[in-house]
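Taking it in order: structure first as structure tokens, then the write-up.
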Number of protein chains: 2
Amino acid sequence: MSKYHLVVYDVNEKQVGKVHKILSRYLFWQQNSTFEGYLPKSSVKELLRKVRRLLTGEDALVVYFLTSKERLRKEVLGIDKSRTVGKIVV
Amino acid sequence: MSKYHLVVYDVNEKQVGKVHKILSRYLFWQQNSTFEGYLPKSSVKELLRKVRRLLTGEDALVVYFLTSKERLRKEVLGIDKSRTVGKIVV
């Protein structure tokens, strides 16, 4: 069963493009450094294994494991930059 | 009753310092552009009113309303930059 995940990252400029590229293969881009989406456990493990290799020094990435999007209330101020078009790997 | 909130923002450089300052009066800094913490409804409204005034053009801020920290599973890759010391307004 897929659960809803939220990923936010604070990564140095040299790696940020690569991290973004990997994440966009699994999740939806919400805004800079923020991705969301449903993923099964196996894909989460795969994703984190790939991203972990890129993190160095002061880089940080946080994954929030949420149950479902339906039970997640969210409010966007300013522009909603999320584009729900994206390649989903499940 | 306070609920657990997660705030992520994607704000232009001119405003990012002010947004950070306001948020740090209400929530804990987790990493750049990411704050977390318990807040009652009244404080959330107050916080969003203050932040909304600063957002212009392409600025975006997302608030995730979560039930409780206990039911929130979270994994940090790289450095855990969260400092749990911070002024809490409840």
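Because only heavy atoms are used, hydrogens play no part in the values below, and waters and symmetry mates are left out as well, while side chains stay in. None of the values given here were measured: they were computed from a predicted structure. All chains are named by letter (A, B, ...) in the order of the sequence lines, taking the proteins before the strands, and each is independently numbered beginning at 1.
- Interface check for chain B: of the options A:Val7, A:Val51, A:Asp59, A:Val11, the most heavy-atom pairs under 4.5 Å are formed by A:Asp59.
- Both the backbone and the side chain of A:Leu48 have a heavy atom closer than 4.5 Å to some heavy atom of chain B.
- Taking the six-membered ring for Trp, B:His5 and B:Tyr38 have ring centres at least 6.0 Å apart.
- At distances below 3.5 Å, not a single donor-acceptor pair connects side-chain atoms of B:Glu36 with backbone N or O atoms of B:Lys69.
- Formation of a donor-acceptor pair under 3.5 Å by the B:Gln31 side chain with backbone atoms of B:Lys81 is not found in this model.
- With respect to chain A, the highest number of heavy-atom pairs below 4.5 Å among B:Leu72, B:Val63, B:Val76 belongs to B:Val63.
- Interface residue A:Leu66: only side-chain heavy atoms are found under 4.5 Å from chain B.
- By number of non-hydrogen pairs under 4.5 angstrom with chain A, the leading residue of B:Asn32, B:Leu55, B:Thr56 is B:Asn32.
- Between A:Tyr9 and A:His20, the gap from one ring centroid to the other reaches at least 6.0 Å.
- Of the atoms belonging to A:Leu77, heavy atoms from both backbone and side chain fall under 4.5 Å from chain B.
- Looking at A:Ser33, there are no atoms closer than 4.5 Å to chain B (heavy atoms on both sides), in backbone or side chain.
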*Going through the checks in order, is the salt bridge (Lys or Arg N to Asp or Glu O under 4.0 Å) test met by B:Lys45 and A:Glu75?*
CA-CA 12 Å; B:Lys45 279 186 185 155; A:Glu75 185 175 333; over 6 Å; no
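- Closest non-hydrogen pair, A:Asp80 versus A:Gln30, comes out as OD1-NE2, 3.4 Å.
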